[in-house]
Structures are given as C-alpha cells and as structure tokens.
Amino acid sequence: MTDSSSATAAKAGELLRLHRDPELLTVVNVWDAISAKVVSDVPGTKALATASHSIAATLGHEDGEQIPLDEMLDMIGRIVRATDLPVTADLEGGYGDAAGTIRRAIDLGVVGANLEDQLKPLAEAARQVEDVVRVVEQAGIDFVLNARTDVFLRAGDRDRGEVLADATERCRAFLDAGAPVVFVPGFLDEAEVAHLVDALGPQKLTLIGLPGHPPLARLQELGVARVSFGPVPQNVALTALQKMVEDVHRGGTAPEDTRRLN
C-alpha cells in the first residue's frame with residue numbers, strides 16, 4: 001500500500017469512527033480550498049463535508065447535477081488537498097454512474113459521500129447502494145457512504161405519517177444494502193427524529209441542521225450520528241459579503257471584527 005493510500009485508509013477509518021461515536025459529529029460544509037482551510041483551522045473541527053449546491057454555485061452552475069462531473073471532482077480534489085482532515089463529498093445522485101463516480105472520488109482521497117436516491121423506485125435505489133458498496137470493498141477502505149432519501153424534501157402536502165413510513169422503509173433498505181449511515185434531509189421534528197433512530201438504531205441517522213430543528217445536544221441524546229449544514233455556510237458567508245456592500249454604499253467600510261483568514 002502506498003503512503004497516499006495508507007493515509008486515505010486511515011482517514012476513512014477515522015471518519016467511520018466519528019460516525020459510530022455516541023458524540024454527535026458536526027460538519028460545516030465547504031465549497032472550495034480556502035473555505036476548507038478556514039473550517040479546518042477552527043479548533044474542534046474533526047472532518048469536512050463538501051456541499052454540491054455551493055460548489056456548483058461557485059463555478060456558475062445550477063444545483064442538481066448541472067455541473068459537469070469533472071468540474072465537481074476537480075473542486076473536491078482541491079478541498080481534499082487543502083486539509084489533513086477526513087473529507088466526505090456530496091456527490092448528488094452519482095451523475096449517472098454512482099459506483100464509477102465514487103471510485104473516482106476515492107482516488108482523490110475522499111473517504112465518504114452523500115448519495116441521493118432521487119426517489120427512484122426503492123429496488124433500484126437499493127441496488128445503487130449495493131453497487132457502491134462493492135466498489136468500496138474493492139478499494140479496501142472503511143468508506144462512509146451516507147445514503148440519502150429525499151422523501152421529506154419532496155413531501156409536498158402528503159400525510160406526514162406516510163412520509164415518515166416511506167423514509168423509514170427506504171433507510172432500512174439502504175442500511176441492509178450495506179450503507180453505514182443514512183441521510184434524511186428536510187425539517188424533521190423531535191418525534192420524527194426519535195422514530196427514525198428507534199427504527200434504524202443509534203448512530204445510523206444523519207440530518208441537516210436547520211433553524212428550528214431540535215438543538216444539537218438533544219439530537220446527540222436521541223442517537224443521531226451526524227449533522228451537516230449543506231448550502232447554509234456559503235449563504236452565511238455571502239450574507240456577510242452582501243452586508244458589507246450595503247454598508248459601503250451607505251458610506252461605511254469593512255467591519256471592525258474582520259479577520260485576516262487568507
């Protein structure tokens with residue numbers, strides 16, 4: 001095993017350990033090399049997650065696999081090289097070839113990935129997870145596949161109980177197919193989170209942090225494995241930029257608490 005492959009294997013093992021630890025793993029999503037460096041340098045940061053929406057926006061593309069895969073992977077590779085921490089990548093629905101896309105990501109040093117089901121028929125979505133698991137086994141690392149279901153994001157006016165049952169069934173199928181964790185983005189209340197953890201087991205569920213969600217400490221008590229923040233961090237950064245522009249137009253200048261971070 002080469003030094004680089006040994007380092008990748010070690011990072012993969014650490015990322016899996018962080019998900020299995022009863023302490024909640026929080027990952028603030030990044031979108032380029034400098035955001036990766038800034039987040040990595042904050043004490044307490046244990047791993048990084050990329051945000052596909054944010055990377056696409058950075059490079060002038062709409063979200064939803066509108067960015068060419070080569071451009072997405074190029075930026076992900078830059079993020080991996082900008083940090084010594086484990087990196088898990090948002091790879092959307094796999095860009096038409098989930099197993100091949102994740103194989104390429106592993107070659108870049110990525111040690112985990114979100115993979116959307118895009119509400120494909122359940123059998124097809126589970127087979128996609130199985131295909132990825134085979135690729136991961138061939139790579140010989142503890143890759144953290146975070147199999148995502150979009151049922152809450154696309155619930156519309158469906159009955160919440162039906163949506164929760166659908167999410168539970170899909171998550172169980174993805175875990176049975178070999179995914180170590182599953183991702184249910186969207187706004188879930190505490191009872192819905194508790195139901196999913198009870199149904200799937202502790203340290204199996206990952207969520208997105210949204211205003212109004214149960215506090216992180218409560219999610220840890222419930223047995224959630226991880227909370228990430230998707231495109232929110234980039235919007236926080238862009239909000240600060242826009243506010244500075246507004247202040248300049250009013251005759252102001254840069255905020256006094258600005259930090260030199262690059």
R260 side chain to N262 main-chain N or O, any donor-acceptor pair under 3.5 Å? yes
Got more than 12 heavy atoms from elsewhere within 6.0 Å of CG, D84? no
Donor-acceptor pair, H213 side chain versus D189 backbone, under 3.5 Å? no
Side chain to side chain contact (heavy atoms under 4.5 Å, CB included) partner of V181, chosen from L205, V144, L200: V144
D21 vs R17, test: salt bridge (charged side-chain N to carboxylate O under 4.0 Å, His left out). Steps then yes/no. CA-CA 6 Å; D21 196 303; R17 185 195 69 77; 3.4 Å; yes
Using atom types as modelled and distance alone, determine if a side-chain donor or acceptor of E65 lies under 3.5 Å from a backbone N or O of G93. yes
Please give me the minimum heavy-atom distance between A177 and V129, naming the atom from each residue. CB-CG1, 3.7 Å
Would you sort out whether R170 and D166 count as a salt bridge (charged side-chain N to carboxylate O under 4.0 Å, His left out), showing the intermediate values? CA-CA 6 Å; R170 284 178 169 266; D166 193 0; 3.6 Å; yes
Are there over 12 heavy-atom neighbours, none belonging to K120, within less than 6.0 Å of that residue's NZ? yes
Is it the case that the side chain of Q203 and the backbone of H19 share a donor-acceptor pair, with hydrogens and angles ignored and the cut-off at 3.5 Å? no
Is the CZ atom of R78 crowded by more than 12 outside heavy atoms at less than 6.0 Å? no
Taking NZ, NE, NH1 and NH2 as the nitrogens, is one of them in K46 or E14 under 4.0 Å from a carboxylate oxygen of the other? no
If we ignore hydrogens and angles and just use 3.5 Å, is the side chain of S52 paired with the main-chain N or O of L91 as donor and acceptor? no
Can you confirm whether S40 sits close enough to L48 that some side-chain heavy atom of one is under 4.5 Å from a side-chain heavy atom of the other? yes
Just checking E124: does its CD atom have more than 12 heavy atoms from other residues, nucleotides or ligands closer to it than 6.0 angstrom? yes
Checking Q220 side chain against L24 main chain: does a donor-acceptor pair fall under 3.5 Å? yes
Say you draw a straight line from CE of M72 to CD of Q66; how long is it, rounded to the nearest 0.5 Å? 11.0 Å
Quick one about T58 and Q234 (side-chain donor to acceptor, distance below 3.5 Å, no hydrogens or angles considered), yes or no? yes
Do you reckon V182 sits in the same ILVMFWY cluster as L210, going by side-chain contacts under 4.5 Å, direct or chained? no
Tell me if a side-chain donor or acceptor on D150 pairs with a main-chain N or O of L153 at a distance below 3.5 Å. no
Given the rule in the side-chain hydrogen bond (donor to acceptor under 3.5 Å, both in side chains) test, do N146 and N114 qualify, once you have shown the distances and angles that lead to the verdict? CA-CA 5 Å; N146 192 27; N114 289 358; 2.9 Å; yes
Donor-acceptor check, side chain of T258 to backbone of P255, threshold 3.5 angstrom: yes or no? yes
Evaluate E116 against F183 for side chain to side chain contact (heavy atoms under 4.5 Å, CB included), listing each step before the verdict. CA-CA 9 Å; E116 302 169 9; F183 182 28; over 6 Å; no
K37/D41 ion pair, N-O < 4.0 Å: yes
Gap between atom CZ of R226 and atom NZ of K204 - 0.5 Å precision: 14.0 Å
Where is the tightest heavy-atom contact between L145 and V132, given as atom of each residue plus distance? CD2-CG1, 3.8 Å
Are L25 and F229 in one and the same hydrophobic cluster, where Ile, Leu, Val, Met, Phe, Trp and Tyr link if side-chain heavy atoms are under 4.5 Å apart? no
Assigning hydrophobic clusters by single linkage (Ile, Leu, Val, Met, Phe, Trp, Tyr; side-chain heavy-atom cutoff under 4.5 Å), is V27 placed with I208? no
Before giving the answer on side chain to side chain contact (heavy atoms under 4.5 Å, CB included), spell out for D117 and L119 the whole-Å C-alpha distance, their side-chain angles and the decisive distance to 0.1 Å. CA-CA 5 Å; D117 66 356; L119 295 191; 4.0 Å; yes
Quick one: do L15 and F143 satisfy side chain to side chain contact (heavy atoms under 4.5 Å, CB included)? Show the steps, please. CA-CA 8 Å; L15 186 63; F143 191 87; over 6 Å; no
Within one Ile-Leu-Val-Met-Phe-Trp-Tyr cluster: V135 and V110, side-chain cutoff 4.5 Å: no
Straight-line distance of R104 CZ to Y95 OH, nearest 0.5 Å: 11.0 Å
Min side-chain heavy-atom separation K11-V87 under 4.5 Å: no
If you look at every heavy atom in A126 and F174, which pair is closest and at what distance? N-CE2, 3.9 Å
D142 and R20 ion-paired at < 4.0 Å: no
Counting C-beta onward and ignoring hydrogens, is there a side-chain heavy-atom pair between P231 and N29 closer than 4.5 Å? no
Minimum heavy-atom distance L122-A173, with the two atoms named: CD1-CB, 3.8 Å
L85 and L16: same hydrophobic cluster, using ILVMFWY side-chain contacts below 4.5 Å? no
Do side-chain atoms of S228 reach the backbone of G230 as a donor and acceptor pair under 3.5 angstrom? no
First locate atom CD1 of I106, then atom CD of Q138, and finally report the distance between them rounded to the nearest 0.5 Å. 9.5 Å
Residue from V39, T83, V38 passing side chain to side chain contact (heavy atoms under 4.5 Å, CB included) with V30: V39
Of R250, M244, H249, the residue whose pairing with E246 passes side chain to side chain contact (heavy atoms under 4.5 Å, CB included): R250
Applying side chain to side chain contact (heavy atoms under 4.5 Å, CB included), run through T88 and T50 and close with a yes or a no. CA-CA 7 Å; T88 178; T50 73; over 6 Å; no
Please check this pair: side chain of Q128 against backbone of L115, looking for a donor-acceptor N/O pair closer than 3.5 Å. no
Between I67 and I55, is any pair of side-chain heavy atoms under 4.5 Å apart? yes
What are the two closest heavy atoms between W31 and S54, and how far apart are they? CB-CB, 3.5 Å
Would you find more than 12 non-hydrogen atoms of other residues, nucleotides or ligands less than 6.0 Å from E130 atom CD? yes
Could you tell me whether D247 and K243 make a salt bridge, using a distance below 4.0 angstrom between a side-chain N and a carboxylate O? no
Correct closest heavy-atom pair for A12 and I141 would be CB-CB, 4.0 Å
Apply salt bridge (charged side-chain N to carboxylate O under 4.0 Å, His left out) to the pair R218 and E221, showing each step before the final yes or no. CA-CA 5 Å; R218 180 58 180 147; E221 290 174 357; 3.0 Å; yes
Distance in Å, D74 CG paired with L69 CG, rounded so as to fall on 0.5 Å steps: 11.0 Å
For the residue pair V224 and L216, establish whether any side-chain heavy-atom pair is separated by less than 4.5 Å. no
Pairwise side-chain contact, R160 with F152, heavy-atom cut-off 4.5 Å (strictly under): yes
Please examine the side chains of V227 and T206, heavy atoms only from C-beta on, and report whether any two atoms are closer than 4.5 Å. no
Quick one: pull up CG in L207 and CG in L219 and give me the separation to the nearest 0.5 Å. 6.0 Å
